[in-house]
K.L.:
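Shown below is the structure under consideration.
Order of listing sets the numbers, starting from 1, for every ligand and every atom in it. Predicted model only: the values in this text are computed from it and were never measured.
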Amino acid sequence: MPSRLLYLVRHGEQDRPEEEADTGLSERGRRQATLLGERLRGTRFAAVHHGPARRAAETAALVAASLPGVPVREDDRAGDHMPHDTDPAGLPERYAAFLAGFTERERRDGPRVTAEAAARFAAAPAEGDVRELVVTHNFLVAWLVRGALEAPERRWIGLNQQNCGLTVIRYSSGGPPTLVALNDVAHLPPELRATGLPDDYRI
Ligand SMILES: O=C(O)[C@H](O)COP(=O)(O)O
């Protein structure tokens with residue numbers, strides 16, 4: 001049965017995220033990405049895909065340094081997008097405030113691009129087995145985990161990923177997706193484990 005083993009990675013720690021600019025990785029972020037690359041060394045990926053933001057592109061480049069011969073491709077579909085225009089009714093106030101922060105354009109375009117990303121990356125291949133790595137952002141990983149578990153659409157909220165955490169989902173036409181790994185940071189020492197997000201937590 002043809003299957004796609006999809007490795008999803010949230011980018012490394014962003015440098016000066018408070019500026020809300022496309023700033024690239026901090027020194028910690030570079031270390032996280034290098035350690036992830038060392039963990040994945042020797043894995044036979046068909047390609048490494050990454051979103052257009054600098055933090056994703058720099059993470060992909062550092063990981064790919066351990067994957068000689070694997071092509072690295074920028075893909076808009078792996079960018080940072082609101083995956084679903086979620087109704088805040090019934091959600092805790094802090095989530096409602098978070099959802100209210102998105103613009104009309106983000107509500108309109110984000111779900112469309114995310115659906116395109118899911119169609120491209122989160123499906124069984126037509127033939128053969130394929131293993132791909134996608135370096136992306138918190139929301140796309142959360143959305144695809146939610147989808148794999150057939151959880152309600154609003155459950156993309158609250159699935160925060162660690163920087164350079166590794167999530168692996170297997171898609172096969174023979175059954176439902178298999179969540180192989182979730183937010184795995186075994187390759188990072190405790191001092192490099194963080195989300196950099198408001199709901200920060202450690203594992
Ligand atoms: O999860 C979020 O709040 C933002 O989309 C930031 O995502 P990123 O830090 O993964 O880019």
Side-chain angles (χ1 to χ4, degrees), residues 6-33 36 48-63 74-86 88 91-118 121-122 133-147 151 153-169 181-185 188 192-203:
L6 186 67
Y7 286 54
L8 292 158
V9 166
R10 179 167 172 245
H11 57 82
E13 182 184 85
Q14 184 179 1
D15 192 27
R16 293 169 285 126
E18 66 283 358
E19 293 181 11
E20 294 194 9
D22 192 11
T23 49
L25 297 180
S26 67
E27 176 55 31
R28 277 163 53 88
R30 284 191 287 275
R31 287 171 60 206
Q32 291 165 336
L36 176 62
V48 174
H49 307 269
H50 65 83
R54 278 185 59 196
R55 57 192 183 279
E58 291 178 11
T59 300
L62 286 166
V63 172
E74 181 176 314
D75 193 317
D76 283 345
R77 293 171 291 193
D80 189 18
H81 302 283
M82 182 193 204
H84 180 258
D85 188 7
T86 300
L91 291 175
E93 175 52 36
R94 67 196 174 99
Y95 287 146
F98 162 73
L99 288 167
F102 289 91
T103 66
E104 282 214 3
R105 184 173 173 187
E106 288 168 332
R107 292 169 190 278
R108 186 187 65 231
D109 293 349
R112 175 180 54 76
V113 177
T114 302
E116 291 171 9
F121 296 113
L133 174 61
V134 178
V135 181
T136 182
H137 299 263
N138 199 37
F139 293 162
L140 182 59
V141 183
W143 181 255
L144 296 184
V145 169
R146 177 217 68 80
E153 288 169 324
R154 68 180 190 171
R155 285 301 286 120
W156 66 276
I157 299 170
L159 288 174
N160 287 346
Q161 300 288 305
Q162 304 263 311
N163 289 118
C164 285
L166 181 61
T167 289
V168 182
I169 305 174
L182 176 65
N183 204 10
D184 181 343
V185 286
L188 300 180
L192 288 182
R193 297 177 186 182
T195 67
L197 295 166
D199 289 331
D200 204 357
Y201 64 98
R202 282 175 179 269
I203 56 174

K.L.:
Please list the nearest protein heavy atom to atom 11 (O) of ligand 1 with its residue and the distance rounded to 0.1 Å.
P.N.:
His137 ND1, 2.7 Å
K.L.:
Considering distance alone, does some N or O of Thr136 sit under 3.5 Å from an N or O of ligand 1?
P.N.:
no
K.L.:
Below 4.0 Å from ligand 1: does a non-hydrogen atom of Arg55 turn up there or not?
P.N.:
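Distance cut 4.0 Å: Arg55 passes for ligand 1.
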K.L.:
Between atom NE2 of His81 and atom OG1 of Thr136, what is the distance when rounded to the nearest 0.5 Å?
P.N.:
8.0 Å
K.L.:
Closest non-hydrogen protein atom to atom 9 (O) of ligand 1, residue and atom name please, with distance?
P.N.:
Arg10 NH2, 2.7 Å
K.L.:
Does Glu116 form a salt bridge (charged side-chain N to carboxylate O under 4.0 Å, His left out) with Arg112? I'd like the steps, not just the answer.
P.N.:
CA-CA 6 Å; Glu116 291 171 9; Arg112 175 180 54 76; 3.5 Å; yes
K.L.:
Which residue holds the protein heavy atom closest to atom 6 (C) of ligand 1, what is that atom called, and what is the gap in Å?
P.N.:
Asp80 OD2, 3.9 Å
K.L.:
Tell me, with the steps shown, if Glu74 and His50 meet side chain to side chain contact (heavy atoms under 4.5 Å, CB included).
P.N.:
CA-CA 5 Å; Glu74 181 176 314; His50 65 83; 3.6 Å; yes
K.L.:
If you have a sec, work out which protein heavy atom is nearest atom 3 (O) of ligand 1 and how many Å separate them, to one decimal?
P.N.:
Phe139 CZ, 3.4 Å
K.L.:
Have a look at Thr23 and tell me which of Glu18, Arg16, Arg55 forms a side-chain contact (heavy atoms from CB on, under 4.5 Å) with it.
P.N.:
Arg16
K.L.:
In terms of side-chain geometry, is the basic nitrogen of Arg30 or Glu27 positioned less than 4.0 Å from the acidic oxygen of its partner?
P.N.:
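Salt bridge between Arg30 and Glu27, a charged N being under 4.0 Å from a carboxylate O: yes.
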K.L.:
Does the side chain of Leu25 reach to within under 4.5 Å of the side chain of Leu62, using non-hydrogen atoms?
P.N.:
yes
K.L.:
Who's the nearest protein heavy-atom neighbour of atom 8 (P) of ligand 1, and how far?
P.N.:
His11 NE2, 3.0 Å
